[in-house]
Amino acid sequence: MPKKESFLVNRIKSVGYAFKGAMLLITKEPSIKIQLCIAILVTVAGFYFEISKTEWLIQILAIALVMGLEGANTAIEEIANFIHPEYHKKIGYIKDVAAGAVFIAAICAAVIGFIIYLPKLF
């Protein structure tokens, strides 16, 4: 029977796999590249406009929500394509719903951005 790895070793490996997944998303997925650019832009804007701690927290949560959902959406699409490579009505529905979740989060993040930054611009 093979020796079981320690909890700490398993956690370190898990972080490595998660980092690899994040790098795959950032380097391979066009939509996450756009979202990352927007995240960098609003982060720079946050420093420029000296937003409050609360605004920072909300902005970071909005960025994390959109990018996290985009990662989940990408995983769902990849699984769906693997399971059923040809077009199928149910697979299309699943992929559309996953994309819709990202869209809703992105709209909410944009509204948050407007609430934070419009008063600072005018």
Side-chain angles (χ1 to χ4, degrees):
M1 183 178 221
K3 184 180 174 188
K4 187 175 177 186
E5 292 178 334
S6 73
F7 176 79
L8 182 60
V9 169
N10 281 331
R11 294 307 91 208
I12 291 169
K13 283 184 175 182
S14 292
V15 170
Y17 297 139
F19 182 78
K20 178 183 174 185
M23 293 310 295
L24 285 170
L25 267 173
I26 291 167
T27 58
K28 304 286 184 191
E29 291 300 315
S31 57
I32 205 93
K33 289 178 184 179
I34 293 167
Q35 292 160 356
L36 181 61
C37 289
I38 293 168
I40 291 167
L41 179 68
V42 295
T43 299
V44 169
F47 285 114
Y48 179 80
F49 289 109
E50 298 177 351
I51 63 177
S52 71
K53 187 183 293 187
T54 303
E55 290 169 328
W56 272 115
L57 292 172
I58 293 168
Q59 179 172 293
I60 290 167
L61 282 172
I63 292 168
L65 178 65
V66 172
M67 294 183 79
L69 278 173
E70 185 62 51
N73 178 50
T74 299
I76 289 167
E77 287 181 354
E78 290 295 320
I79 290 168
N81 291 341
F82 179 77
I83 291 171
H84 207 293
E86 306 85 35
Y87 176 78
H88 188 276
K89 186 176 176 179
K90 278 295 201 185
I91 295 291
Y93 176 81
I94 291 165
K95 290 166 71 172
D96 289 348
V97 168
V102 177
F103 180 71
I104 290 168
I107 294 297
C108 291
V111 169
I112 288 167
F114 287 133
I115 290 170
I116 292 172
Y117 292 108
L118 278 180
K120 293 170 181 12
L121 292 172
F122 300 105

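Residues take their numbers from the sequence shown, with the count starting at 1.
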Next on the checklist: Let me confirm one number: the CD-OG1 distance from Q59 to T54, rounded to the nearest 0.5 Å.
Outcome noted: 12.5 Å

Item to check | Sequence-distant partners of Y17, ring pair (Phe, Tyr, Trp, His ring centres under 6.0 Å), two or more places apart | outcome: none

Checklist entry - What residues form a ring pair (Phe, Tyr, Trp, His ring centres under 6.0 Å) with F49, not counting sequence neighbours? => result Y117

Table please: side-chain donor-acceptor pairs of residues 62-70 below 3.5 Å, with sequence neighbours left out.
from : atom 1 : to  : atom 2 : distance (Å)
E70  : OE1    : Q35 : NE2    : 3.2
E70  : OE2    : S31 : OG     : 3.0

Next on the checklist: According to a hydrophobic-cluster definition based on side-chain heavy atoms being under 4.5 Å apart (Ile, Leu, Val, Met, Phe, Trp, Tyr only), do I107 and I58 belong together?
Outcome noted: no

Checklist entry - What about L121 and I115, same hydrophobic cluster or not, with Ile/Leu/Val/Met/Phe/Trp/Tyr joined at side-chain heavy-atom distances under 4.5 Å? => result no

Less than 3.5 Å apart, which donor and acceptor atoms pair up between the side chains of residues 93-100 and the rest of the protein, not counting sequence neighbours?
from : atom 1 : to  : atom 2 : distance (Å)
K95  : NZ     : N81 : OD1    : 2.7

Next on the checklist: Test of understanding: clusters of I, L, V, M, F, W, Y form through side-chain heavy atoms closer than 4.5 Å, transitively. Do F122 and V111 belong to the same one?
Outcome noted: no

Checklist entry - Who passes side-chain hydrogen bond (donor to acceptor under 3.5 Å, both in side chains) against K33, sequence neighbours left out? => result none

Item to check | Qualifying salt bridge (Lys or Arg N to Asp or Glu O under 4.0 Å) pairs, either residue in residues 82-94, two or more places apart | outcome: none

Checklist entry - Same hydrophobic cluster for F7 and V15, using side-chain heavy-atom links shorter than 4.5 Å among ILVMFWY? => result no

Checklist entry - When rounded to the nearest 0.5 angstrom, what distance separates CD1 in I112 from SG in C108? => result 6.5 Å

Item to check | Closest heavy-atom pair and its distance - A39, T43 | outcome: O-OG1, 2.7 Å

Item to check | For I34, all residues meeting side chain to side chain contact (heavy atoms under 4.5 Å, CB included), sequence neighbours excluded | outcome: I38

Checklist entry - What residue pairs, at least two apart or across chains, pass ring-ring contact (aromatic ring centres under 6.0 Å, His included) with a residue in residues 55-89? => result F47-W56, H84-H88

Item to check | Side chains of I32 and T74 in contact at under 4.5 Å (non-hydrogen atoms) | outcome: no

Checklist outcome for this item: By salt bridge (charged side-chain N to carboxylate O under 4.0 Å, His left out), E5 pairs with (sequence neighbours left out) K13

Next on the checklist: Could you work out, with side-chain hydrogen bond (donor to acceptor under 3.5 Å, both in side chains) as the rule, every residue matching S52, not counting sequence neighbours?
Outcome noted: E55

Next on the checklist: Checking L8 now: which residues fulfil side chain to side chain contact (heavy atoms under 4.5 Å, CB included) with it, not counting sequence neighbours?
Outcome noted: S6, I12

Item to check | Shared hydrophobic cluster for I76 and I83 (ILVMFWY, side-chain gaps under 4.5 Å) | outcome: no

